[in-house]
Amino acid sequence: MKDTIERAVTSAVEDLTKRGLLPPGSGDAATVSIPQNKEFGDYATNIAMISASRAKKSPREIASLIRGELEQRNDLFSEVTIAGPGFINFTVRPELWIKVLDDIHEQGTAYGCSAYGQGRKVQVEFVSANPTGPLHIGHGRGAAVGDTLVRIMKTAGYEVQAEYYINDIGNQMNLLGLSVLSRYRELFDQGISFPENGYQGEYIRTIASELTRIHGEGLLALDHHEAVHVCREYAARSILEGIKDDLIRFEVHFDNWFSESSLYDQHKVDETLEHLKTSGLSYENDGALWFRTTRFGDEKDRVLRKQDGSLTYFAPDIAYHRDKLERGFTKIIDIWGADHHGYVPRMRAAIQALDSEPESFHALLIQLVSLVRDGKPVSMSTRSGEFVTLREILDEVGTDAARYFFLMRRCDSHLVFDLDLAKKKTEENPVFYIQYAHARICSILRNAAELGLAPDMSQVDRTLLEQDDDLDLIKVLATYPDVLVSCAADLEPHRVAFYLLELATEFHRFYNKNRVISESGPGTMARLVLVDAVRQVLVNALALMGIVAPESM
RNA sequence: GCGCCUGUAGCUCAGUUGGAUAGAGCAACGGACUUCUAAUCCGUAGGUCAGAGGUUCGAAUCCUCUCAGGCGUGCCA
């Protein structure tokens, strides 16, 4: 609907420009929006104010010119008014609103989709947790945000790939092997000192005891290096399996699992370092190899190869992003914990060093999650291994509530996750409130079916849907495609969560004021079609969030 | 020290890239069940948008400074 209004405004402006009444480019930067106050109509545009200085006319004067054009569009508008400093307000004809119901019934699960992304190839890389421990609650937020963003961008017409980068090589993997071996030997009273900064979690002991079932005391006889290797490989595989299980249960899907070690196998890291060298972007100093990130606005140059000859984490990461670019993605979205924000400038520098536009790279930073139970914060510390795992959260509140809660805040805002609230089966809990709206509609449709009634748009007397209550509900349904475009454009999936709450609220209000199935009159069919459309949009939006739409509760 | 993020109703947070009288949910208070699910709805109250300047027709939004909280500032990953 917003599209339609925008097109009408644009064509009116173009018309006036052709007739010399407005200077060229007057429509630039103007917006069409929904006014906060319903009295101003359904949509409004600020174009007269925006173009006033360039046209050397007063906003009101321009507004009345445009109004003159748009008033002729009585196929669209029942009223066009000028208000305030120069807003042009539109009231859309009821018939047009009712056509939204046709769209929903025709498009079904595809309602909300658009061609906004024009098929551009996008990659979203998220979670990418090291296979050194189970997913914790912070990964859960990243997983929910990333997965929902992927789903949203698909509906917005992008070709999207979801990828998980597995850091399956490097110091932390050796540390993992050492940690497991240490716990393994403890089980035979042949303890070796636990490595400094080793992985402390209980899961390490579990893995160690699994190794005793497989190998008995066999690992004791191996030389140290060999034993660490066995422990490392087993632990990494076992932990990664666990991560995959958790993600499946969390309804999070990946198209590709990208192994860091494959970059070395295919000499991608060397090639990348060579590329930087020949581009004159790296240099030796103090026995280390440096990357001139300052050339691209970073505050200091960064080390690629350390004095001891080993590479930093950064080096393969550049190779990894080079590989992404080679795979043809025009938009690369990395979802990281907010504690990595210092890493963004150097990664953006790397993208530019690889001859790509800095705008093609987007880092979405996910802020911390803190848990609250009984109104008190739950303490968490990664260092001591006392973090709360995603699995524990899913066991306690379930997938639906967890996904909604992780998505109900903007990414860069701290999230307070109230475990008690997430479990409540009352209106206080937004997940429940939204799912209940869906279940209620299904119940109505079941009752209608018993009377032999099924929603059928072709049997509807459309004038019966022109009541304010009906139109209020339809207007919320009509904004859904716009919400999805804005989510995709701004990479802000939380807006779907807010939209769902708004739609559910509007439905419950409608439900309390209007009886859908009444004994007499054709209004029943009209309202059945209306609530069925609400059901469809609830289903579509919940699907994007990975939340079940229950038919009864 | 420098940099990034955050600061909006009692609480948790939105605010469509600068628009009209700043919104929602929860909590509080007062109402609504002869009813398709009251697991709901309606109403009331609640604000110096952290503070001070500035930019302009117009600022929660942009710029500068101050304050508060979080994070970063590794040849860790």
Side-chain angles (χ1 to χ4, degrees), chain A residues 2 29 31-37 39-40 44-46 49-50 52-53 58-59 83-87 89 130 132 167 170-173 175 197 285-290 299-300 302-314 317 337-345 365 367-368 372 375 408-410 412-416 418 421 424-430 432-433 435-437 439-448 450-451 479 482-483 485-487 489-490 492 494-495 497-498 501-502 504-505 507-518 524 527-528 531 552-553:
Chain A
K2 193 177 159 190
T31 56
V32 169
S33 58
I34 299 175
Q36 287 182 7
N37 192 331
E39 289 167 22
F40 294 131
T45 178
N46 59 355
M49 277 121 56
I50 296 280
S53 65
S58 79
F87 287 99
N89 296 326
N130 291 347
T132 52
N167 299 113
N171 289 340
Q172 83 280 1
M173 297 309 292
L175 201 53
N197 298 325
N285 190 30
D286 290 342
L289 179 68
W290 296 74
E299 56 188 18
K300 54 175 283 199
R302 305 294 171 175
V303 171
L304 295 166
R305 187 188 295 116
K306 299 176 245 178
Q307 279 180 337
D308 68 3
S310 65
L311 296 174
T312 61
Y313 176 84
F314 190 32
D317 218 16
D339 54 339
H340 289 70
H341 70 78
Y343 203 74
V344 175
L365 301 173
Q367 273 293 355
L368 287 175
V372 168
M408 70 181 178
R409 301 282 175 254
R410 233 174 48 211
D412 51 11
S413 169
H414 287 251
L415 171 63
V416 177
D418 186 331
L421 178 60
K424 271 190 190 160
K425 306 199 167 185
T426 68
E427 57 169 309
E428 296 165 62
N429 181 349
F432 222 85
Y433 181 81
Q435 290 184 318
Y436 179 54
R440 253 186 167 172
I441 295 171
C442 290
S443 172
I444 294 169
L445 293 173
R446 278 193 299 271
N447 289 333
E450 280 181 22
L451 299 170
T479 62
D482 304 330
V483 170
V485 167
S486 96
C487 289
D490 303 336
E492 299 209 324
H494 72 280
R495 291 179 189 165
F498 279 89
L501 200 57
E502 186 189 354
T505 302
F507 167 72
H508 285 308
R509 177 178 301 155
F510 179 88
Y511 177 92
N512 271 275
K513 278 179 79 176
N514 301 275
R515 205 186 151 78
V516 175
I517 301 172
S518 64
T524 295
R527 287 185 298 270
L528 279 177
V531 299
S552 64
M553 293 170 76

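Below, read A as the first sequence line, B as the second, and so on, with proteins coming before strands; counting in each chain starts at 1.
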How close do [X] and [Y] get, counting heavy atoms only, and between which atoms?
X	Y	value
A/A448	A/I517	N-CD1, 3.6 Å
A/N512	A/R440	ND2-NH1, 4.1 Å
A/M408	A/H494	C-CB, 4.4 Å
A/L304	A/F314	CD2-CD2, 4.1 Å
A/V483	A/R495	CG1-O, 4.1 Å
A/S413	A/Q367	O-CB, 3.5 Å

Between [N] and [M], how far is it from one [atom1] atom to the other, in whole Å?
N	M	atom1	answer
B/rA9	B/rC49	P	10 Å
B/rC63	B/rU55	C1'	7 Å
B/rG3	B/rA20	P	33 Å
B/rU61	B/rU56	P	16 Å
B/rA60	B/rA52	P	13 Å
B/rU34	B/rA27	P	24 Å
B/rC76	B/rC13	C1'	35 Å
B/rA38	B/rU12	C1'	25 Å

Students often get this wrong, so: under 4.0 angstrom with heavy atoms, is [X] touching a base, only sugar-phosphate, or nothing?
X	value
A/E492	sugar-phosphate
A/R495	sugar-phosphate
A/S552	base
A/H341	base
A/N167	nothing
A/R305	nothing
A/K513	nothing
A/S443	base
A/D317	nothing
A/L365	nothing
A/V516	base
A/D490	base
A/A448	nothing
A/A439	base

So which nucleotide from [options] ends up closest to the side chain of [X]?
X	options	answer
A/V303	B/rC13, B/rC75, B/rU37	B/rC75
A/A83	B/rA20, B/rA77, B/rG19	B/rA20
A/R410	B/rC75, B/rU40, B/rA14	B/rA14
A/N447	B/rU6, B/rG19, B/rU37	B/rU37
A/M553	B/rG15, B/rA20, B/rU37	B/rU37
A/R515	B/rC36, B/rA77, B/rA38	B/rC36
A/D412	B/rC36, B/rU17, B/rU6	B/rU6

| task | Tell me whether B/rU12 sits syn or anti, counting syn as a glycosidic angle within 90° of 0. | result |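 Anti, angle beyond 90° from zero.
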[X] [atom1] to [N] [atom2], straight-line distance once rounded to whole Å:
X	N	atom1	atom2	result
A/N512	B/rA39	CG	C1'	12 Å
A/I50	B/rU56	CD1	C1'	12 Å
A/N514	B/rC42	CG	C1'	14 Å

Under 3.5 Å on both distances, the Watson-Crick or G-U partner of [N]:
N	answer
B/rG58	none
B/rC41	B/rG31
B/rA24	B/rU12
B/rC2	B/rG72
B/rC65	B/rG51

[N] phosphate, OP1 or OP2: any side-chain N/O from [X] under 4.0 angstrom?
X	N	answer
A/R302	B/rG74	no
A/K300	B/rG3	no
A/K306	B/rA77	yes
A/R527	B/rC36	no
A/N171	B/rC76	no
A/Y511	B/rA38	yes

| message | Taking the nucleotide of RNA chain B with the nearest heavy atom to each, does A/S33 or A/A288 sit closer to the 5' end? | response |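 Looking at the nearest nucleotide for each, A/S33 comes out on the 5' side.
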| Residue closer to the 5' end of RNA chain B, A/Q367 versus A/D286 (nearest nucleotide) |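 Here A/Q367 is the residue nearer the 5' end.
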| query | Under the 5.5 Å and 30° test, is A/F87 stacked on the base of B/rG19? | reply |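 Base of B/rG19: not stacked against A/F87.
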| request: Answer yes or no for this row: A/H508 ring on B/rA39 base, centroids under 5.5 Å, planes under 30°. | output: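 Here A/H508 fails the 5.5 Å or the 30° condition.
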| Going by modelled atom types, is there a donor-acceptor pair between the base of B/rA77 and the side chain of A/H340 at under 3.5 Å? |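 Counting by modelled atom types and ignoring angles, a donor-acceptor contact under 3.5 Å is found here.
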| task | Look at the side chain of A/D339 and the base of B/rA77, then say whether one donor and one acceptor between them are separated by less than 3.5 Å. | result |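 No such pair is found, so the answer is no.
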| message | Quick one about A/R302 and A/T312 (side-chain donor to acceptor, distance below 3.5 Å, no hydrogens or angles considered), yes or no? | response |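 Side chains of A/T312 and A/R302: no pair found under 3.5 Å.
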| Taking the side chain from A/N37 and the backbone from A/E39, do they hold a donor-acceptor pair closer than 3.5 Å? |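 Yes.
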| said: Taking the side chain as everything from C-beta on, heavy atoms only, tell me whether A/L528 gets closer than 4.5 Å to A/I444. | reply: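 Answer yes - side chains close enough.
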| query | Between A/N447 and A/V516, does a side chain to side chain contact (heavy atoms under 4.5 Å, CB included) hold up when you go through it step by step? | reply | CA-CA 10 Å; A/N447 289 333; A/V516 175; over 6 Å; no
| said: For A/F507 and A/Y511, take the angle between the two ring planes, folded into 0 to 90°, and tell me which bin it lands in: parallel under 30, tilted 30 to 60, perpendicular over 60. | reply: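 The rings of A/F507 and A/Y511 sit tilted, inter-plane angle from 30° to 60°.
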| query | Do the rings of A/H508 and A/Y436 sit parallel, tilted or perpendicular, given the 30° and 60° boundaries? | reply |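 Parallel, since the angle between the ring planes stays under 30°.
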Distances under 3.5 Å between nitrogen or oxygen atoms of protein and nucleotides 21-26 of chain B:
from	atom 1	to	atom 2	distance (Å)
B/rC26	OP1	A/E427	OE1	2.8

